[in-house]
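For reference, the structure is listed below as structure tokens.
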Amino acid sequence: MKRHFIFMMMTMVALNATGQEDKSVQLKDVTVEAARIVNKADGQLIMPSEAQKKASVNGYGLLAKLALPTIRVNEMMHSITALGNQGEVQIRLNGALATSKDLLALDPKTVKNIDFIDNPGVRYGTEIAYVINIHTRKGNEGYVVGVNLVNALTTKHSDETAYFKLNHKNSEFGFTYDFNFQDFRGDRFDTTTRYLLNDNTYYNIERKDVGRRSRSFENQFEFKYILADSATYVFQASLSNDLNHHPGDFVNQKMIDEMGDFSTSQLSHGKTQSPILDLYFFHQLGAHQSLTANVVGTHIGTDEYNYNDEGTPYAYSVDGKTWSLLTETIYENRLKPFTLSFGLKTLLKYTSNAYMGDVNSLNGLHNSNLYLFGELKGKLSKLGYVAGLGVSNQRYSQEGHHYNFWMFRPKLTLSYPLLKYLRLRYMIEFYEHVSQVAMISDTRIRTNKMEWTVGNPNINPNPCMEQQLRLSYVTPRLTNNVDVVYRQHHNPNMASYSRTDDNQFLYTQRNQRHINMFYVQDDTRYDLIPEHLSLSFYGGIYRYFNRGDDYNHTLTAYNIGSSMEAFLGRWTFSATADNGWKFMEGETWHHQGAASYLTASCHIGQCDLSLFWQMPFQKNPKMNEDGLVNQYLQRHLTMRETDYGNMVMIRLAWKLSHGRKYKTIEKRLQNKDTQTGILQ
């Protein structure tokens with residue numbers, strides 16, 4: 001089977017290399033050869049086909065049909081994730097960070113092109129693995145009103161969205177409301193843990209879920225006003241609020257150890273609200289220069305309660321509050337040989353988390369972040385380049401602990417065409433990683449009767465280096481990329497387990513030797529019948545190296561995925577599958593469960609009706625599998641979820657617009673703070 005597949009792919013390459021017409025169109029610094037996908041130094045420029053846009057209901061549907069490599073898009077559950085521990089997927093709309101509400105209200109017919117940036121420059125900051133920037137045209141003189149109703153037929157899940165936009169001359173008024181309800185009872189965790197005690201004997205505990213409930217109600221609304229002249233300026237003001245309520249989750253377990261069988265339970269409930277005020281301004285300064293500014297104020301209020309009776313009753317509550325102010329300013333000068341940009345981003349934040357009950361702790365944390373960057377992007381003859389330098393300063397102040405870190409992030413990307421359809425790209429980057437705020441507290445939380453999670457205020461940022469070599473082959477119908485990547489984390493924050501004299505096992509993080517990663521990956525997309533049938537495939541081999549102060553662990557993983565999209569008039573059919581992502585960090589390996597989706601959609605007048613089938617023919621699919629290989633404790637965990645098995649959902653999307661014409665608009669920034677700093 002593998003030989004047949006390789007032979008088929010080689011035949012496709014040969015046919016396309018010998019049978020294409022020479023149709024070239026010059027677009028700034030890249031050449032489009034009658035293809036929908038154009039390779040650039042930092043990624044790809046994708047022009048969705050008319051069939052893809054007509055068959056899509058919203059932004060999630062359009063992205064799902066693009067079959068982006070190693071990106072899992074669940075258009076019914078409204079999620080976009082990168083497989084594996086690669087980093088964040090950042091979704092932008094005309095340069096601005098897009099929310100779920102933005103993607104649901106997006107009209108795919110207005111999309112011009114999409115930047116799939118798999119090599120983000122220094123302007124995007126660290127921890128960003130991918131940037132998907134959707135460029136659209138702006139409505140003028142008219143309105144659009146619509147709903148997007150998603151309901152599961154096999155379990156209790158719904159996601160209902162209503163939106164309205166009104167355009168008059170240069171102004172746009174918008175309102176979006178989203179309600180999400182979920183009540184899952186099918187999660188089942190099966191955990192086996194082996195503890196090495198101080199007397200060199202082993203203590204084994206098996207924990208099996210016999211009942212579990214995860215329930216949530218979420219209300220989101222957003223008011224937005226835009227004043228824009230596409231040639232000179234854009235001003236946007238938005239006020240939103242997210243209200244999330246978990247009225248009562250529980251876990252009932254059967255615990256089996258050397259003493260016998262015991263019943264245990266965990267209870268939790270909580271609510272969170274987060275109002276956000278976002279002000280944005282863009283101004284074109286002459287023919288080549290522009291200035292962009294963004295100010296975001298965020299408050300997050302959290303109220304949580306947790307109870308665990310394994311061993312002895314243990315309960316605590318958290319009253320959490322954060323306030324943050326983010327600002328960002330970017331100057332850009334688009335000259336003929338190159339584009340020069342500079343930017344400044346600041347964060348001022350105060351976190352106050354009060355733990356009460358069996359955890360008695362008050363964490364008051366002041367932190368600030370200053371980030372400056374400069375980036376140069378252009379071409380020297382055929383050589384494309386992106387060179388940038390980011391400099392950041394992190395400051396923390398918490399109960400006698402003070403931090404002041406300066407970090408540097410140089411990055412260079414070179415791109416060169418070897419042949420007509422063949423291009424080589426090389427990237428090298430140095431950056432530093434900072435732990436999440438929650439882990440730098442000194443709070444101690446009990447996980448179960450044997451284990452605790454302990455914060456470490458003495459964690460320091462660690463340097464990282466990444467190198468990537470890509471060979472790309474792009475024709476009008478075939479796109480193929482081969483990547484070779486090596487990533488080094490020196491002295492990173494790695495897992496550390498210790499054992500006390502009374503056999504308590506403590507988990508924390510501290511700076512240790514290194515975490516390295518090497519992988520080779522190939523992704524291919526082929527339009528078997530242009531505008532009607534497309535096939536995609538990716539696969540790779542991945543090697544992980546984890547060396548702590550007292551351990552050395554390696555892992556080799558193989559990951560594959562494929563998809564198919566068929567456009568048949570008003571009908572659209574798609575299928576997606578992957579084997580999940582397996583990786584190792586520290587002393588824990590993770591294997592995300594394999595996923596498969598089938599979707600059928602039909603366009604009828606102003607409505608789109610879709611049927612979505614997740615995990616077909618799987619009654620109780622494995623969603624996740626973890627393993628811990630520490631010298632003091634070994635653990636194996638398997639999670640299964642009957643709610644996701646054979647999950648069938650139906651979507652009704654209705655959209656009505658009147659008098660809307662379109663013009664180009666580009667909004668380049670938006671920011672949001674979501675970190676509560678609460679230790680879990």
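Below, each value reflects all heavy atoms present in this structure, side chains not excepted, and no hydrogens, waters or symmetry copies.
- Stacking of K349 on the aromatic ring of W323 is not recorded, the 6.0 Å distance cut-off and the 45° axial limit not both being met.
- Side-chain atoms of V89 and I132, non-hydrogen and from C-beta on, do get closer than 4.5 Å to each other.
- The backbone N or O of R194 sits nowhere less than 3.5 Å from a side-chain atom of N204 that would complete a donor-acceptor pair.
- With rounding to the nearest 0.5 angstrom, the CZ atom of R215 is 5.5 Å from the CZ atom of F217.
- More than 12 heavy atoms of other shown residues, nucleotides or ligands fall within 6.0 angstrom of atom CZ in R213.
- Here W589 and Y544 keep their ring centres 6.0 angstrom or further from each other.
- Formation of a donor-acceptor pair under 3.5 Å by the N579 side chain with backbone atoms of I560 is found in this model.
- Contact check for F405 versus N393: no side-chain heavy atoms found under the 4.5 Å cut-off.
- For the residue pair E587 and N630, a side-chain donor N or O sits within less than 3.5 Å of a side-chain acceptor on the partner.
- Using a 4.0 Å cut-off between charged side-chain N and carboxylate O, E310 and R207 make a salt bridge.
- D249 contributes no side-chain N or O that, together with a main-chain N or O of S268, makes up a donor-acceptor pair within less than 3.5 Å.
- Classification of E429 and R409 as a salt-bridged pair holds, one side-chain N sitting under 4.0 Å from a carboxylate O.
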Could you walk me through whether Y426 and Q467 pass the side chain to side chain donor-acceptor pair (under 3.5 Å) check? CA-CA 7 Å; Y426 172 74; Q467 298 184 76; 2.6 Å; yes
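- Note on ring orientation: taking the six-membered ring where Trp is involved, the planes of H553 and Y551 are parallel (angle under 30°, cut-offs 30° and 60°).
- Qualifying ring-ring contact (aromatic ring centres under 6.0 Å, His included) partners for H366, counting only residues two or more places apart in sequence or in other chains: Y350.
- In this pair, F184 and Y644 present their aromatic rings perpendicular. The plane angle is above 60°, beyond the 30 to 60° band.
- A distance-only check finds a donor-acceptor pair linking the side chain of E375 to the backbone of V122 [under 3.5 Å].
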Verdict with supporting geometry, L633 and L628, side chain to side chain contact (heavy atoms under 4.5 Å, CB included): CA-CA 7 Å; L633 66 156; L628 175 63; 3.8 Å; yes
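- Because its NZ or CZ atom is not both nearer than 6.0 Å to the ring centre of F518 and within 45° of the ring axis, R543 does not count as a cation-pi partner of that residue.
- The distance from atom CG of L277 to atom CG of N241, rounded to the nearest 0.5 Å, is 12.0 Å.
- Side chain to side chain, H590 and E625 fail the donor-acceptor criterion of an N or O pair below 3.5 Å.
- In terms of the side chain to side chain donor-acceptor pair (under 3.5 Å) criterion, residue partners of D319 (sequence neighbours excluded) are, by chain and number, K321.
- Enclosure of atom NE2 in H636 by more than 12 non-hydrogen atoms of other residues, nucleotides or ligands within 6.0 angstrom is indicated.
- By the 30° and 60° cut-offs, the orientation of the rings of Y130 relative to F116 is parallel.
- The one candidate from T322, T298, T302, N244 that meets the side chain to side chain contact (heavy atoms under 4.5 Å, CB included) condition with S274 is T298.
- Looking only at distances, no side-chain donor or acceptor of Q253 sits under 3.5 Å from a matching main-chain atom of F262.
- The six-membered or imidazole ring of F505 lies away from that of Y497, with a centre-to-centre distance of 6.0 Å or more.
- Among all heavy-atom pairs drawn from T413 and M427, the shortest one is OG1-CG, 3.4 Å.
- With respect to K449 and D257, a salt bridge is recorded, a charged nitrogen being found less than 4.0 Å from a carboxylate O.
- We find the CZ-CG distance between R640 and D209 to be 13.0 Å, quoted to the nearest 0.5 Å.
- Remark: R212 CZ to D643 CG distance equals 12.0 Å, nearest 0.5 Å.
- A salt bridge between E218 and K271 is absent, with no side-chain N of the basic residue lying under 4.0 Å from a carboxylate O of the acidic one.
- Identified under the salt bridge (Lys or Arg N to Asp or Glu O under 4.0 Å) test for residues 488-515, with sequence neighbours left out: R510-D549.
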